[in-house]
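Remember, it's 1-based here, ligands and their atoms both numbered in the order they're listed.
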Amino acid sequence: MKTSPFQPDQTSLAYSVGITLDRFIKLKQSDFPFASGELSQLLRDIVLAAKIVNRETNRAGLANIGGAFGQTNVQGEEQQKLDVIANIRFMRALSKGGEVCAIVSEEEDAVIDLQNNSGKYVVAIDPLDGSSNIDVNISIGTIFSIYRRKSPIGSPIQLKDIMQPGREQVAAGYVLYGSSTMLVYTTGCGVNGFTYENSLGEFFLSHPDIQAPKTGNIYSINEGLQLEWEKGIAAYIQSCKERKMQSRYIGSLVADFHRNLLKGGIYLYPATQKNPSGKLRLLYEANALAFIIEQAGGKASDGKQRILDVQPESLHQRTPLLIGSAQMVEEVEQSVVLHSSLVTV
Ligand SMILES: O=P(O)(O)OC[C@H]1O[C@](O)(COP(=O)(O)O)[C@@H](O)[C@@H]1O
Ligand SMILES: [Mg+2]
Ligand SMILES: [Mg+2]
């Protein structure tokens with residue numbers, strides 16, 4: 001669409017490192033002919049809340065916002081103060097924007113119905129991921145999924161608006177509060193990463209068009225649960241060790257996922273005796289990362305099927321998660337199938 005030799009090509013402009021997130025969102029909006037700008041505004045609302053949570057995270061140790069909040073959430077997990085602060089910040093940003101009709105949050109027992117029948121979008125969010133690492137200054141994150149409602153606009157929300165399989169996502173992303181703060185997201189046209197420039201208060205494109213390496217040398221799993229793994233998982237991890245692969249486990253899903261997305265690798269949180277359906281939550285952890293990894297050429301499975309094809313049945317349902325480089329996920333799926341067939345003989 002070059003009109004003059006001096007006018008930069010929109011596409012290459014969109015992907016030029018250093019472009020601001022806001023400009024990128026504007027340029028990418030043209031990918032969607034019927035775009036009305038509401039999804040773009042919703043992304044901006046999420047980013048605004050993420051900037052505030054980033055500030056709180058950076059000063060957690062100083063401002064007495066580390067430590068437990070003194071309540072447990074619907075999953076029986078002790079809430080950290082920053083879990084609650086992040087949840088409040090995202091709830092406010094999402095309800096103020098006007099584009100959202102309902103929210104599913106890890107920190108809320110039930111669906112938050114914003115009574116905004118003109119809102120087009122449903123958001124599922126893990127406001128603070130990696131809570132066990134908050135007080136020890138290890139990378140943590142935020143994970144979000146965005147769906148377009150199924151029921152007619154103007155009508156009250158219905159269960160079908162919430163219980164959508166991951167393949168229905170229109171956008172998904174995460175924010176990583178680490179040595180630098182990054183936003184990585186997709187709207188179904190590839191995956192892009194932005195780095196936060198604190199002094200300017202802006203996210204800048206730093207990782208255009210992320211492609212997950214087809215295979216890798218890193219496996220991430222909580223080895224402390226080894227005795228609870230099914231045979232297929234145990235055999236696969238044993239084969240990783242025999243191939244002298246590197247074991248890397250931070251204990252913050254977003255951080256482990258991000259490393260493996262860029263370097264190649266696999267993250268596994270399989271079913272265990274304590275969590276027979278796995279630990280991680282389908283609606284606000286697994287679905288978002290599965291959308292991103294598939295958009296980057298990787299894979300995400302529960303061991304038997306594609307995460308994005310799992311039909312949700314409850315808000316906080318858990319799922320086994322095997323996610324990362326395509327060849328590595330295929331390998332562990334084969335190992336799971338092989339060993340489950342061996343057990344039955
Ligand atoms: O301590 P474990 O059992 O290895 O679990 C760690 C996993 O649990 C989580 O902390 C769960 O997420 P939340 O912190 O959002 O509850 C993941 O980030 C992480 O990968
Ligand atoms: Mg989490
Ligand atoms: Mg969380």
Side-chain angles (χ1 to χ4, degrees), residues 46 49-50 53 56-57 60 65-69 71-91 103-109 123-145 172-178 184 218-229 233 237 247-261 265-290 292-293 300 307 315-324:
I46 290 173
V53 172
E56 301 303 323
T57 307
I65 40 182
F69 180 66
Q71 279 179 19
T72 58
N73 63 19
V74 64
Q75 353 240 338
E77 289 161 354
E78 184 165 36
Q79 288 179 311
Q80 302 299 304
K81 286 181 192 161
L82 214 53
D83 281 322
V84 176
I85 291 168
N87 190 48
I88 292 168
R89 291 293 180 183
F90 283 105
M91 293 298 123
I103 307 170
V104 175
S105 165
E106 178 189 1
E107 305 308 332
E108 302 285 345
D109 300 5
V123 175
I125 189 161
D126 177 356
L128 209 285
D129 177 66
S131 310
S132 62
N133 282 326
I134 293 171
D135 291 344
V136 287
N137 204 358
I138 291 175
S139 301
I140 49 182
T142 292
I143 309 174
F144 62 90
S145 281
Y174 59 85
V175 183
L176 177 60
Y177 312 105
V184 174
I218 295 170
Y219 65 95
S220 310
I221 191 166
N222 180 344
E223 303 225 29
L225 299 167
Q226 179 164 1
L227 301 179
E228 300 185 31
W229 297 339
I233 299 289
I237 298 298
S247 169
R248 292 282 182 276
Y249 190 72
I250 296 168
S252 292
L253 170 62
V254 168
D256 281 311
F257 174 84
H258 184 73
R259 179 205 43 250
N260 296 351
L261 171 69
I266 185 168
Y267 172 96
L268 311 93
Y269 209 114
T272 59
Q273 276 134 30
K274 184 174 166 227
N275 290 309
S277 314
K279 176 179 182 178
L280 301 166
R281 284 53 59 115
L282 178 67
L283 264 69
Y284 43 78
E285 289 174 319
N287 272 337
L289 301 183
I292 291 167
I293 200 74
I307 289 285
L315 280 188
H316 302 284
Q317 86 180 63
R318 299 174 189 262
T319 178
L321 182 62
L322 315 171
I323 189 166

Practice task
Return yes when Asp256 approaches ligand 1 closer than 4.0 angstrom through a heavy atom, no otherwise.
Solution key: no
Please state whether Ser132 comes within less than 4.0 angstrom of ligand 1, counting heavy atoms only.
-> no
Going by the atom numbers of ligand 1, which of them fall below 4.0 Å from some non-hydrogen atom of [X]?
X: Tyr249; value: 2 (P), 4 (O), 5 (O), 6 (C)
X: Asn222; value: 2 (P), 3 (O), 4 (O)
X: Tyr267; value: 20 (O)
X: Leu253; value: 17 (C), 18 (O), 19 (C), 20 (O)

For [atom], closest protein heavy-atom neighbour:
atom: atom 19 (C) of ligand 1; result: Gly251 O, 3.3 Å
atom: atom 8 (O) of ligand 1; result: Lys279 NZ, 3.1 Å
atom: atom 3 (O) of ligand 1; result: Tyr269 OH, 2.6 Å
atom: atom 11 (C) of ligand 1; result: Arg281 NH2, 3.5 Å

So the angle subtended at the Mg ion (ligand 2) by Asp129 atom OD1 and Glu285 atom OE2, rounded to 10 degrees, is 120°
Under 4.0 Å between heavy atoms, the region of Asn133 that gets near ligand 1 turns out to be neither
Metal proximity, Glu106 vs the Mg ion (ligand 2), N/O/S cut-off 2.8 Å: no
Per residue Asp126, nearest N, O or S atom to the Mg ion (ligand 2) is named OD2
